[in-house]
Amino acid sequence: MMKTAHDNSKRGFTLIELMVAMALGLIVLTAMASLFKTGMDSTVLVTQRAETQQNMRAAIDLIAKDVSMAGAGLPSGGITLPQGGTGLSKFGCDQAGVCHVPTATYPAGNQMYGIIPGYKNGVEANAVIPAAPAPAFSDSVTVVYVDYNFPIWEYYACFVGGSNGGTVNLTPNPGFAPAPPLPNAAGGIQAGDLILLSGGSKTGVGEVTTLNTTSLNFANTDALNVNQSGATSGNLNAIQGAVGSCTATAGANNVSIYRLYAITYYLNVPAVAGQTPRLMRQVNGLAPVPVADDIINLQFAFDVYNTSSGALDANQANPLGTGESPNNIQKVNVLVMGQSIITNGNKAQNMYLATDVAARNMAFRNRYQ
């Protein structure tokens with residue numbers, strides 16, 4: 001008797017089916033990987049853009065704040081600094097004698113204006129910024145205004161006899177309660193600060209070289225070359241000659257006194273490899289401080305009132321070079337360019353941010369008269 005054969009074989013995938021399934025799987029995985037990479041690239045792109053915008057926004061906001069104060073508290077027309085002395089006074093320099101902009105002397109024969117344009121004068125040591133767009137140059141700007149935050153005007157101030165304008169004594173004015181903070185208190189005056197003094201129909205600026213709780217000293221060794229006791233005019237010695245020296249009576253022979261801010265914005269390229277250009281803010285004769293990273297271009301243009309034509313000369317990149325007076329600047333146009341940090345092989349992004357700031361304490365002309 002014959003036995004019936006039973007088919008126990010189990011049906012599986014053929015080689016062709018397996019290859020087709022693998023191909024489809026690879027296609028799906030490739031699509032998913034591509035989608036994931038696109039998502040990651042988009043995330044990096046958005047992050048780069050946000051960081052760049054944040055840096056540029058910080059730069060613009062700080063510049064705008066200072067420019068809006070330019071000229072506040074200064075005499076009309078600015079201040080004539082020492083004449084007939086040891087040369088021009090400086091800005092943008094620190095106590096070590098390092099000047100952080102290529103041209104660091106006051107223009108027009110040593111005149112301190114509320115705004116000092118720095119056309120093509122905006123990169124420390126004329127360093128090259130390869131990422132900057134053509135034409136590859138940056139500007140600086142220096143703004144000057146009175147600091148009303150630290151109340152040094154609450155002191156009686158007078159020159160010490162025989163000091164040639166080199167020492168000013170300070171006595172608290174009892175009319176102010178509570179008594180003003182000490183000059184060398186935290187946030188107060190420090191060596192390198194500029195002081196505006198006026199009396200006897202004269203106004204001058206001195207740079208503090210040393211100080212204590214009762215006096216400020218203005219030695220001729222100042223880093224900004226402002227003191228110059230031997231100058232023929234425009235110095236503190238000239239004011240002392242007009243008002244006299246201290247007496248035993250508080251308030252006699254006084255001079256008015258304020259701290260002055262001379263603030264310079266410029267770009268610095270760090271010497272350390274891999275670090276990107278940054279925006280610097282330098283105040284008086286103090287050490288500069290970085291305020292925004294990855295800034296590769298800084299440009300300014302100025303709307304200047306033309307006294308000859310009675311019209312507004314808009315967007316003047318170099319008003320000093322064209323014979324315009326900084327006293328007549330009405331508006332400052334600011335352009336900042338930032339570059340994102342290159343990460344994970346992604347290309348850097350360059351972005352512009354621009355604004356304009358009214359110089360409210362500078363020239364005003366009623367164009368509707």
Side-chain angles (χ1 to χ4, degrees), residues 59-81 89-94 100-101 104-108 110-118 121 139-154 157 183 187-190 192-198 202-208 216 222 224 226 234 236 255-266 279-289 291 298 300 302-305 319-320 325-334 355-364:
I60 285 281
D61 288 348
L62 201 54
I63 292 172
K65 173 184 174 295
D66 283 325
V67 169
S68 69
M69 291 294 296
L74 268 62
S76 178
I79 302 171
T80 300
L81 297 174
S89 302
K90 302 175 183 178
F91 57 85
C93 306
D94 59 29
H100 300 278
V101 288
T105 53
Y106 285 94
N110 224 20
Q111 189 75 10
M112 177 184 279
Y113 299 104
I115 297 177
I116 303 172
N121 191 45
D139 302 325
S140 67
V141 71
T142 299
V143 296
V144 182
Y145 60 90
V146 166
D147 169 33
Y148 292 109
N149 289 322
F150 187 77
I152 195 170
W153 64 86
E154 294 183 2
I189 309 300
Q190 54 188 312
D193 270 336
L194 293 176
I195 303 297
L196 176 67
L197 299 105
S198 58
K202 296 181 181 294
T203 298
V205 177
E207 181 185 4
V208 176
L216 305 177
D222 65 304
L224 299 180
V226 171
L236 301 187
V255 291
S256 65
I257 181 170
Y258 294 90
R259 176 161 57 185
L260 201 64
Y261 279 156
I263 301 171
T264 301
Y265 286 97
Y266 65 94
L279 176 68
M280 306 294 291
R281 182 178 187 263
Q282 198 272 339
V283 182
N284 296 341
L286 309 178
V289 176
V291 293
L298 180 66
F300 298 93
F302 305 87
D303 292 358
V304 187
Y305 177 78
L320 286 171
S325 172
N327 283 327
N328 296 327
I329 292 175
Q330 293 187 309
K331 187 174 70 173
V332 180
N333 307 297
V334 186
T355 190
D356 55 78
V357 187
R360 60 190 181 188
N361 297 290
M362 299 290 289
F364 173 77

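Hydrogens, waters and symmetry mates play no part in the numbers below; they use all other heavy atoms, side chains included. The first residue in the sequence is number 1, and the count goes up from there. No experiment lies behind these values; they were computed from the predicted model shown.
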For the residue pair [X] and [Y], what are the closest heavy atoms and their distance?
X      : Y      : answer
Met362 : Gly114 : SD-CA, 3.9 Å
Gly78  : Gln111 : C-NE2, 3.8 Å
Val332 : Phe300 : CG1-CD2, 3.9 Å
Ile329 : Pro117 : CD1-CG, 4.1 Å
Asp193 : Ile189 : OD2-CA, 3.6 Å

Verdict with supporting geometry, Val334 and Ile60, side-chain contact (heavy atoms from CB on, under 4.5 Å): CA-CA 8 Å; Val334 186; Ile60 285 281; 3.9 Å; yes
Thr264 and Thr142: side-chain donor and acceptor closer than 3.5 Å?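 Present: a donor and an acceptor within the cut-off.
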We want to know whether Tyr266 and Asp139 form a side-chain donor-acceptor pair, criterion being a heavy-atom distance below 3.5 angstrom.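 Absent: no donor and acceptor within the cut-off.
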Test your reading of the model: is there a side-chain donor-acceptor pair from [X] to the backbone of [Y], 3.5 Å cut-off?
X      : Y      : result
Gln330 : Arg360 : no
Asp66  : Ile63  : no
Asn110 : Ser89  : yes
Gln282 : Ile263 : no
Arg281 : Leu62  : no
Ser140 : Asn121 : yes

Any chance you could measure [X], atom [atom1], to [Y], atom [atom2], to the nearest 0.5 Å?
X      : Y      : atom1 : atom2 : value
Ser76  : Asn361 : OG    : CG    : 12.0 Å
Tyr305 : Ser325 : OH    : OG    : 13.0 Å
Asn328 : Asp303 : CG    : CG    : 12.5 Å
Asn327 : Tyr113 : CG    : OH    : 5.5 Å
Leu224 : Lys90  : CG    : NZ    : 8.5 Å
Met69  : Asp147 : CE    : CG    : 8.5 Å

Side chains of Ile116 and Val141: does their closest heavy-atom pair fall under 4.5 Å?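 Ile116 does not reach Val141 side chain to side chain.
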Would a 4.5 Å heavy-atom cut-off, applied to side chains only, mark Arg259 and Leu196 as touching?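 No; the side chains remain at least 4.5 Å from each other.
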Which residue in the set Ile257, Ile79, Thr203 passes side-chain contact (heavy atoms from CB on, under 4.5 Å) when paired with Ser198?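 Checked Ile257, Ile79, Thr203 against Ser198; only one passes side-chain contact (heavy atoms from CB on, under 4.5 Å): Thr203.
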Have a look at Tyr258 and tell me which of Tyr145, Phe150, Trp153 forms a ring pair (Phe, Tyr, Trp, His ring centres under 6.0 Å) with it.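 Exactly one pass, corresponding to Trp153.
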Apply side-chain contact (heavy atoms from CB on, under 4.5 Å) to residues Leu260 and Met112 and explain how you reach the verdict. CA-CA 11 Å; Leu260 201 64; Met112 177 184 279; 3.6 Å; yes
Show, in sequence, the C-alpha distance, side-chain angles and deciding distance for Ile152 and Leu216, and conclude whether the side-chain contact (heavy atoms from CB on, under 4.5 Å) test is met. CA-CA 11 Å; Ile152 195 170; Leu216 305 177; 4.0 Å; yes
Test of understanding: with side chain to side chain contact (heavy atoms under 4.5 Å, CB included), list the residues that count as partners of Ala262, not counting sequence neighbours.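 Side chain to side chain contact (heavy atoms under 4.5 Å, CB included) check on Ala262 returns Tyr106, Val144, Leu194, Asn284.
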Can you list the steps and then say if Phe302 with Ile115 is a side-chain contact (heavy atoms from CB on, under 4.5 Å)? CA-CA 10 Å; Phe302 305 87; Ile115 297 177; 3.9 Å; yes
